[in-house]
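Here the structure comes first, spelled out in structure tokens, and everything after it is commentary.
Numbers here are sequence positions counted from 1. Computed from a predicted model, the values in this text were never measured in an experiment.
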Amino acid sequence: MKFCVAVLIVALIGCALAAPPQDAQEVQVLRYDSDVQPEGYKFAVETSDGKTHQEEGQLKDVGTENETLVVRGSYSYIGDDGQTYTVNYVADENGFQPEGDHLPRL
């Protein structure tokens, strides 16, 4: 069940990244790769407006009470200031843990 929810979330994120901005020119999907397996998945998306998103998810402790989906990925986009911003992240039993030069550090 956790895996199905994770795949649905990934699909929604992919759609959001591929959707054209409302007030900008039409954005084209330049690359979309996806591989879904019974105990994991990975995908990569690149759009003509400079956005990229790569992610890989793997089930950990399969078949146990502690079964967890561990997700690692990154996404990049070009900000209004023309700079490219990149966020690397891990999402696991400890929550969502993003890192980026433009993000505050705790």
Side-chain angles (χ1 to χ4, degrees):
M1 180 66 184
K2 291 179 189 178
F3 184 71
C4 292
V5 171
V7 170
L8 178 61
I9 290 171
V10 168
L12 291 173
I13 291 171
C15 290
L17 283 175
Q22 293 179 4
D23 60 343
Q25 64 189 25
E26 187 173 324
V27 177
Q28 302 294 317
V29 176
L30 302 176
R31 181 176 69 118
Y32 179 77
D33 298 319
S34 175
D35 182 24
V36 179
Q37 300 294 321
E39 295 182 7
Y41 70 90
K42 59 184 171 180
F43 73 87
V45 178
E46 181 180 350
T47 59
S48 61
D49 62 351
K51 293 178 186 173
T52 62
H53 188 176
Q54 299 88 32
E55 183 173 289
E56 186 170 340
Q58 193 69 37
L59 282 177
K60 186 171 117 180
D61 299 325
V62 178
T64 71
E65 218 175 271
N66 298 321
E67 184 174 284
T68 304
L69 180 64
V70 177
V71 175
R72 297 182 188 284
S74 68
Y75 61 90
S76 298
Y77 61 93
I78 300 172
D80 292 338
D81 58 2
Q83 284 191 294
T84 299
Y85 294 92
T86 301
V87 176
N88 298 303
Y89 60 88
V90 174
D92 57 16
E93 64 273 8
N94 298 312
F96 181 69
Q97 305 149 55
E99 292 182 355
D101 292 340
H102 63 292
L103 298 176
R105 298 180 194 261
L106 299 177

Ignoring hydrogens and angles, write down the donor-acceptor pairs under 3.5 Å from the side chains of residues 93-106, residues two or more places apart or on other chains.
unit_1	atom_1	unit_2	atom_2	d
E93	OE2	K60	NZ	3.1
Q97	NE2	D92	OD1	2.9
Q97	NE2	G95	O	3.0

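Residue Q54 comes nearest to A44 through the heavy atom pair CG-CB, 4.0 Å, listed as atom of the first residue, atom of the second, then distance. The two residues E67 and V62 come nearest to each other via the heavy atoms OE1-CA, 3.5 Å. Taking all atoms of both residues into account, the shortest heavy-atom contact from N88 to S74 is OD1-CB, 3.0 Å. For P38 against L59, the heavy-atom pair with the smallest separation is O-CD1, 4.2 Å.
Remark: the backbone N or O of E39 is paired with a side-chain donor or acceptor of Q58 at under 3.5 angstrom.
Residues forming a side-chain contact (heavy atoms from CB on, under 4.5 Å) with D35 (at least two apart in sequence, or on another chain): Q37, K42. With sequence neighbours left out, the salt bridge (charged side-chain N to carboxylate O under 4.0 Å, His left out) criterion links D81 to no other residue.
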Y77 and H53: CA distance, side-chain angles, deciding distance, ring pair (Phe, Tyr, Trp, His ring centres under 6.0 Å) verdict: CA-CA 9 Å; Y77 61 93; H53 188 176; over 10 Å; no
Evaluation steps, side-chain contact (heavy atoms from CB on, under 4.5 Å), between Y41 and E55: CA-CA 8 Å; Y41 70 90; E55 183 173 289; 2.5 Å; yes
Check against side chain to side chain donor-acceptor pair (under 3.5 Å), D49 and T47: CA-CA 5 Å; D49 62 351; T47 59; 2.4 Å; yes
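Residues I78 and Y85 are members of separate hydrophobic clusters, defined by side-chain heavy-atom contacts under 4.5 angstrom among Ile, Leu, Val, Met, Phe, Trp and Tyr.
Here the CZ atom belonging to F43 is positioned 11.0 Å from the CZ atom belonging to R31, to the nearest 0.5 angstrom.
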